[in-house]
Structure formats: structure tokens, C-alpha cells
Amino acid sequence: MVWSLPAAATQMVDEGGCLQLAIDAMEIHASHSKTQQSACELFVALSYDKTCCQVMLDSDVISSVLNSIKGCLKKSQPKALASGLLFLQNMAVISLDNVANSILSEEN
């Protein structure tokens, strides 16, 4: 839906609670690669909207994606891994400092 109706992205994030639903799904189904991939693809789609990027920077999205990437590396899940990395790449364009700080905080 985000890809076909980009104007709805901000409304979905602000009013629909989609971010938290995706984060919760990633946590509950941490070992399910398709869930990880789909959630990361949602975040990638949202990352093309600057307003959505700010909302994601203010939430736990980056942390959830980092956890997903770590799990994908352990289980050799290339599609989910690629989606997570694409999201981080897009977010780094918007705010490299926030992405770097999130990665550093995950390491500690």
C-alpha cells in the first residue's frame, strides 16, 4: 500500500500505528525470515518519505532492524538481510549520525 499510495504513508505512520505493529511482529516472530523481510520492506518503503523517516528515527525501528540483521546473519537469510541493509542505507542518507549512534548503542 505504501508503494502504491505514497501520500498515505505519513497518515499510516502518524495515525495508524503501523510502525509499532511491524516492530511487535518482528519481535514476536524473530525467527521467521519472511516476517523480518516484510517488516524491513515496509520500513524501506516509508524511508522515501522525509516525515516518515523522522518518525522512524524517533521510534525503535532502527534497533528492530539491527536485531533482524543480526538474526539473519546467524541463520543465513539473504532476502531479509538485504531488506534490512537497504533500510539502513536509506536512513543513513537522511541522518547518518542517528544511524551510527543506534549501531554503536546496540554494540554496548
Side-chain angles (χ1 to χ4, degrees):
M1 182 170 162
V2 174
W3 291 112
S4 60
L5 296 171
T10 304
Q11 184 178 6
M12 288 173 54
V13 170
D14 287 343
E15 300 168 18
C18 291
L19 288 183
Q20 193 58 51
L21 287 172
I23 291 168
D24 291 347
M26 291 175 84
E27 290 175 6
I28 293 167
H29 303 285
S31 63
H32 191 260
S33 66
K34 188 62 178 171
T35 300
Q36 300 302 309
Q37 179 184 349
S38 295
C40 287
E41 287 173 351
L42 169 66
F43 301 146
V44 168
L46 293 171
S47 71
Y48 292 101
D49 180 283
K50 287 187 178 188
T51 302
C52 291
C53 285
Q54 190 56 54
V55 173
M56 289 190 287
L57 287 169
D58 294 339
S59 71
D60 292 330
V61 171
I62 292 177
S63 178
S64 295
V65 170
L66 290 172
N67 288 333
S68 176
I69 289 171
K70 289 175 190 175
C72 292
L73 286 171
K74 292 177 187 173
K75 298 174 188 133
S76 185
Q77 298 169 335
K79 289 182 181 178
L81 177 62
S83 297
L85 292 172
L86 179 58
F87 168 74
L88 289 180
Q89 173 186 309
N90 287 357
M91 293 302 288
V93 170
I94 299 297
S95 178
L96 182 57
D97 289 340
N98 283 336
V99 173
N101 289 337
S102 294
I103 291 170
L104 291 173
S105 70
E106 287 291 319
E107 290 178 356
N108 296 329

- Task: Check whether more than 12 heavy atoms from other residues, nucleotides or ligands sit under 6.0 Å from atom NZ of Lys79, and answer yes or no.
- Result: no
- Hey, does Leu88 have a side-chain heavy atom less than 4.5 Å from the side chain of Ile69? yes
- Message: Whether the Gln37 and Ser83 side chains hold a donor-acceptor pair (N or O, under 3.5 Å, no angle test) is what I'd like checked.
- Response: no
- How far apart are the closest heavy atoms of Gln36 and Met26, and which atoms are they? NE2-O, 3.0 Å
- Heavy-atom closest pair (Ser47 atom, Asn90 atom, distance to 0.1 Å) is OG-ND2, 2.9 Å
- Is there a side chain to side chain contact (heavy atoms under 4.5 Å, CB included) between Ile23 and Phe43 once you walk through the steps? CA-CA 10 Å; Ile23 291 168; Phe43 301 146; 4.2 Å; yes
- SG-CG distance between Cys53 and Asp58, expressed to the nearest 0.5 angstrom: 11.0 Å
- Message: Applying side chain to side chain contact (heavy atoms under 4.5 Å, CB included) to Asp60 and Leu19, what does each step give before you reach the verdict?
- Response: CA-CA 9 Å; Asp60 292 330; Leu19 288 183; over 6 Å; no
- Message: With rounding to the nearest 0.5 angstrom, report the SG to CD distance, Cys52 to Gln54.
- Response: 11.0 Å
- Heavy-atom closest contact (Ala22 atom, Leu42 atom, distance): CB-CD2, 3.9 Å
- Looking only at heavy atoms, the pair that brings Leu81 and Leu73 closest together is CD2-CD2, 3.8 Å
- Query: Do Ile62 and Phe87 have side chains that get closer than 4.5 Å, going by heavy atoms?
  - Reply: yes
- Message: Looking at every non-hydrogen atom in both residues, tell me the closest pair between Ser31 and Lys75 and how far apart they are.
- Response: CA-NZ, 3.6 Å
- For His32, does its backbone N or O pair with a side-chain atom of His29 as donor and acceptor, under 3.5 Å? no
- Decide yes or no for Val55 and Leu46: does some side-chain heavy atom of the first lie under 4.5 Å from some side-chain heavy atom of the second? no
- Query: Looking at Ser33 and Ala80, what are the two nearest heavy atoms and their distance?
  - Reply: O-CB, 3.7 Å
